Amino acid sequence: QVQLVESGGGSVQAGGSLRLSCAASGSTSRTYKMGWFRQAPGKEREFVASINWLTGSPDYASSVKGRFTISRDGFKNTVYLQMNSLKPEDTAQYSCAVALGGYVFGYWGQGTQVTVSS
């Protein structure tokens with residue numbers, strides 16, 4: 001099993017920045033990709049960004065492309081999400097997830113809250 005712990009959430013004003021971290025532990029030797037998702041009250045969970053653990057190739061949701069940057073530290077089994085130019089619509093609980101051995105995202109963290117005020 002894999003355990004995921006997020007950190008770095010908080011409250012900022014529009015235009016501000018935050019950096020989220022997610023550290024994975026346990027059976028992480030077959031990590032294929034890690035990603036970030038978010039869910040706002042009354043809305044479904046949506047994809048934010050992911051990164052291929054071998055190549056470092058990122059994918060982004062269109063709503064965050066150009067503002068958010070995902071990166072990884074393979075040695076630490078940690079994924080980061082640098083969030084710049086934050087908007088009120090970015091307010092949500094952000095969770096990280098990991099996919100092992102080419103499987104879909106199957107392990108999830110508890111999430112960290114991000115609140116952006118106007």
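Values in this document were obtained by computation on a predicted structure and should not be read as measured data.
Proximity of a side-chain donor or acceptor of Thr115 to a complementary backbone N or O of Thr91 within less than 3.5 Å is not detected. For Thr55 (side chain) and Ser57 (main-chain N/O), a donor-acceptor pair under 3.5 Å exists by modelled atom type. The main-chain N or O of Ala92 is never found under 3.5 Å from a side-chain atom of Gln39 such that the two would form a donor-acceptor pair. Judged by distance alone, with hydrogens and angles left aside, the side-chain atoms of Gln93 form no donor-acceptor pair with the main-chain N or O of Thr112 at under 3.5 Å.
Remark: aromatic rings of Trp36 and Phe47 are distant, center separation not under 6.0 Å.
For Asp90 and Arg67, the salt-bridge test passes: some basic side-chain N is under 4.0 Å from an acidic carboxylate O.
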> Could you walk me through whether Glu46 and Arg38 pass the side chain to side chain contact (heavy atoms under 4.5 Å, CB included) check?
Replying inline: CA-CA 6 Å; Glu46 66 174 339; Arg38 67 187 183 186; 2.7 Å; yes

> Taking it one step at a time, do Trp53 and Arg30 satisfy side chain to side chain contact (heavy atoms under 4.5 Å, CB included)?
Replying inline: CA-CA 9 Å; Trp53 214 248; Arg30 296 193 300 119; over 6 Å; no

Below 3.5 Å, can you tabulate the donor-acceptor pairs from side chains in residues 75-83 to any protein atom, sequence neighbours excluded?
| residue | atom | partner | partner atom | Å |
| --- | --- | --- | --- | --- |
| Asn77 | ND2 | Thr28 | OG1 | 3.0 |
| Thr78 | OG1 | Lys76 | O | 3.0 |
| Gln82 | NE2 | Asn84 | OD1 | 3.1 |

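Counting all heavy atoms, side chain and backbone alike, Ala14 lies closest to Ser118 at CB-CA, 4.3 Å. Between Tyr60 and Ile70, the closest heavy-atom pair is OH-N, 3.0 Å.
Cluster membership for Leu4 and Val114, using ILVMFWY side-chain heavy atoms within less than 4.5 angstrom, is shared. In terms of hydrophobic clustering, with Ile, Leu, Val, Met, Phe, Trp and Tyr side chains grouped at heavy-atom distances under 4.5 Å, Ile51 and Leu100 are assigned to a common cluster.
Applying the disulfide bond (SG atoms under 2.5 Å apart) rule to pairs touching residues 9-101 yields Cys22-Cys96, sequence neighbours excluded.
The structure places CG of Asn52 at 12.5 Å from CE of Met34, a figure rounded to the nearest 0.5 Å.
Qualifying side-chain contact (heavy atoms from CB on, under 4.5 Å) partners for Gln1, counting only residues two or more places apart in sequence or in other chains: Gln3, Tyr107.
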